[in-house]
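Here's the structure, in structure tokens; my notes come after.
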2 protein chains.
Amino acid sequence: MVSTEALNALQQQLPELDWITSKVHIKRLSRDFYWFSPMLVPQLADKLADLVVKPRNEAELATLVSRCVEFGIPMTVRGGGTGNYGQAVPLEGGVVIDMTACAELQWLGDGLVQVQAGMKIAELEQRVRERRWELRCMPSTYRAASIGGLFAGGFGGIGSINYGPISTPGTVQAIRILTIEATPRVLELRGDELLTYHHTYGTNGILLDLELALAPARDWDEYLFDFTSIEAAYGFCRTLLDAAGIEKRELSLYDSQAASYFRDIPFSQPAGHFLVMALVAPHSRQPLTQLLAQHGGAQLWTQTFADAQASGLTLMEHCWNHATLQALKHDKGFTNLQTNYAADRVLEQLAELKAVVGDEVLTHLEFIRLGNLQPLITGLPLVRYSSDARLDEIMALHESLGIKINNSHTFMLEDGKHGGSLSPAILASKAANDPHSLLNPGKIRSLQG
Amino acid sequence: MVSTEALNALQQQLPELDWITSKVHIKRLSRDFYWFSPMLVPQLADKLADLVVKPRNEAELATLVSRCVEFGIPMTVRGGGTGNYGQAVPLEGGVVIDMTACAELQWLGDGLVQVQAGMKIAELEQRVRERRWELRCMPSTYRAASIGGLFAGGFGGIGSINYGPISTPGTVQAIRILTIEATPRVLELRGDELLTYHHTYGTNGILLDLELALAPARDWDEYLFDFTSIEAAYGFCRTLLDAAGIEKRELSLYDSQAASYFRDIPFSQPAGHFLVMALVAPHSRQPLTQLLAQHGGAQLWTQTFADAQASGLTLMEHCWNHATLQALKHDKGFTNLQTNYAADRVLEQLAELKAVVGDEVLTHLEFIRLGNLQPLITGLPLVRYSSDARLDEIMALHESLGIKINNSHTFMLEDGKHGGSLSPAILASKAANDPHSLLNPGKIRSLQG
């Protein structure tokens with residue numbers, strides 16, 4: 001509980017800042033996409049910032065941090081608020097720092113860009129596209145999500161089929177971090193050491209900007225393909241994933257129930273079939289079509305990049321977490337899981353799972369590569385939610401079948417992708433950069449009283 | 001033996017063609033790079049065309065073929081003559097058809113180009129670069145070699161680390177073939193079926209043009225790195241090969257003896273060390289440098305793409321077959337092998353080999369991927385030639401260690417990459433397209449009398 005006096009003093013001392021004080025806006029900016037998880041909702045729904053502030057530049061941010069430290073006010077940083085784990089929810093009130101006004105493209109060179117953390121990914125993508133580059137990977141939430149949020153609380157997504165996740169060495173080449181001290185320091189990190197700040201929910205420093213390597217832009221064609229069996233659909237995807245001669249940006253697979261929520265796309269598919277979604281370069285159309293025929297697939301729908309630009313409708317907003325979002329638009333009874341299958345027995349694992357859960361879990365696979373080019377078959381299966389206990393059971397069932405779960409139903413940093421405990425480097429950076437434990441408090445279990 | 005009457009009649013009936021009749025030129029245009037092989041030299045040195053002709057377009061070519069069929073005159077097609085297997089040597093005299101005047105770029109679209117077979121690869125690379133594309137793969141002989149020759153008698157090379165060999169599905173998307181008949185037909189082939197004409201030395205039809213998928217152009221930086229041990233050099237290369245975040249176009253490894261022939265590049269390296277050559281995108285310089293440090297390597301030399309353009313000196317003419325060429329400039333006692341190592345035990349295989357042959361075989365590895373993205377560690381080791389018998393022994397030794405040899409010391413089509421026999425599709429196309437067996441005769445053993 002932060003004292004009203006401290007909050008008033010903070011605002012009075014920094015009248016030039018862009019304060020957001022309306023209850024409605026504070027409520028909205030105290031949330032992220034944790035509502036994907038019926039488990040997180042009761043834990044997080046009443047968490048509220050006392051104030052939200054939108055620094056316009058680094059100087060304003062540094063002044064703000066300095067004063068918050070002076071007054072002992074907790075700070076929680078947010079970008080677009082598209083995280084699923086309550087990353088940006090202020091558990092102990094205080095100030096939410098909305099970074100979306102720190103959104104400058106600082107420079108764009110030959111395949112490298114430096115950008116402030118608050119820039120929306122869609123804007124960054126558009127800006128670099130003007131120079132015929134594109135992002136190496138981005139989430140389906142790119143319209144709302146910030147580039148800083150992708151690094152601090154995200155994973156990868158569209159494009160990871162070529163470049164791996166955002167953490168692949170060589171993709172984020174430098175970051176700058178502001179410390180939480182009376183006189184905040186700016187740290188510049190390059191190379192592997194910057195991964196200490198990856199997926200830490202903004203707990204160990206405030207991400208100021210990032211230097212990112214880019215990919216050459218393509219005008220991706222978008223496709224939906226129909227397959228009568230998961231074996232055929234999976235065989236097609238697995239071959240396409242490994243086809244060096246066919247350039248693609250996205251490849252995912254859905255059962256017909258999961259796909260039935262893509263209602264804004266004019267296609268229809270018999271129940272029991274499987275849908276494959278792909279973004280493929282125009283010059284790879286012929287080998288793609290040949291591969292499709294070889295695997296017995298049929299084209300359901302396609303559009304060009306220009307079509308997508310003109311209509312605003314794109315498959316990029318139907319894959320990854322957007323597949324879940326599209327379902328939730330029509331049926332609030334779903335949540336999802338984040339799964340990694342064993343690359344050599346994905347179909348067996350899915351069959352074993354299906355035998356137990358039936359339609360309680362719907363299939364959604366994403367085909368990507370890791371930073372070392374190993375294939376990764378990951379998933380965001382829709383789960384028909386009934387109770388927390390049953391959701392826990394379903395997660396345990398996955399694990400028992402050898403399907404790894406990255407638990408997206410917890411806001412504790414340790415329990416998500418970090419596998420139970422944080423690295424010494426993360427803990428050391430937290431201690432050094434946030435000595436008063438004011439930054440995004442309550443997210444690191446090992447620091448709880 | 002072709003009759004003088006027939007040859008005279010041919011020339012008289014087609015006076016408008018560009019005939020090359022000087023002995024010196026005929027001799028030069030009856031050869032290719034078979035002189036890499038001391039085994040092939042005695043077999044091929046006296047083979048001579050009776051005439052060379054340089055058709056300017058498809059119409060001239062079709063007329064020529066028609067008349068040659070009428071007169072029963074053998075035809076052998078050549079591009080730049082950079083093949084190593086005597087592909088373009090006219091074993092039974094007749095007419096050598098020099099395709100280098102059929103060198104039009106027919107169209108260049110979004111990542112696709114159609115080009116006549118006779119265009120020099122370097123010119124094609126330059127033309128597509130003007131539109132910010134580059135070839136997916138090319139041999140080190142790109143200045144002299146034709147694009148048709150790469151398909152008809154080559155493999156891959158620079159760029160194959162990303163896109164696999166030229167035969168990767170999706171790279172060559174269509175070809176047109178002229179048949180050898182009184183009324184020649186033009187065949188258009190797309191997709192997998194066109195592979196029937198790949199690496200067949202122009203025996204089953206005359207390649208007219210190709211439709212090729214391209215890669216986005218980069219301004220590749222060139223690097224030479226020093227390592228004190230093959231383990232360190234190999235470990236670096238293996239990691240770089242698989243590093244999704246570091247964009248590269250070429251990666252190869254040489255022992256210091258093999259590297260000592262790169263005398264036009266100002267670097268020096270202690271004997272017993274190992275050299276790594278790499279072409280890496282400018283925006284990947286930082287992760288490359290970090291990886292180099294992690295593997296204990298040191299940078300010996302580097303230049304930018306602009307440097308290479310300005311000086312004309314490039315590492316692209318020191319890798320693949322050019323590593324052998326650079327050695328042969330200084331020491332005529334070498335030949336080379338074409339080897340594929342077992343990806344999981346390359347160092348063991350090299351050590352076992354070394355234990356037997358010592359410095360008789362020098363190490364040169366190329367790191368690429370196959371069309372299905374599997375890593376391929378291939379080699380062009382220099383061999384100190386002493387006798388045919390010893391060369392056979394050395395090849396047998398490789399095979400006994402599990403190192404696959406693509407025999408480059410034979411002009412018989414079956415005995416090179418085709419593994420002993422030709423596919424039914426190749427044999428059927430030969431029978432259908434060249435019913436009088438006039439095209440590049442003597443190269444298919446199973447058709448010999």
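To find a chain, count down the sequence lines: A is the first, B the second, and so on, and within it residues start at 1.
In this structure, the portions of Asp192(A) lying under 4.5 Å from any heavy atom of chain B include both its backbone and its side chain. Residue Gln374(A): no heavy atom, backbone or side chain, is found under 4.5 Å from chain B. Residue contact with chain A, scored on non-hydrogen atoms closer than 4.5 Å, is absent for Leu288(B). Neither the backbone nor the side chain of Leu291(B) comes within contact range of chain A; no heavy atom of the residue lies under 4.5 Å from a heavy atom of that chain. Using a 4.5 Å cut-off between heavy atoms, Gln290(B) contacts chain A through its side chain alone, with no backbone atom that close. At a 4.5 Å heavy-atom cutoff, the contact between Arg218(B) and chain A is made by side-chain atoms alone. Heavy-atom distances place the side chain of Arg136(A), and not its backbone, under 4.5 Å from chain B.
Taking every heavy atom of both residues into account, Pro216(A) and Pro216(B) meet most closely at CG-CG, 3.3 Å. The shortest non-hydrogen separation linking Ala213(A) to His283(B) is CB-CD2, 3.9 Å. Contact detail for Asn162(A) and Ala244(B): the closest heavy-atom pair is O-CB, 3.9 Å. The shortest heavy-atom contact between Gln173(A) and Pro287(B) is NE2-CD, 3.3 Å. Considering all non-hydrogen atoms of both residues, Leu373(B) and Leu241(A) come closest at CD1-O, 3.8 Å.
Between chain B and the options Arg369(A), Arg132(A), Arg285(A), Arg190(A), heavy-atom pairs under 4.5 Å are most frequent for Arg190(A). Per-residue counts of heavy-atom pairs under 4.5 Å with chain B were compared for Gly164(A), Gly109(A), Gly191(A), Ala281(A); the largest is that of Gly191(A).
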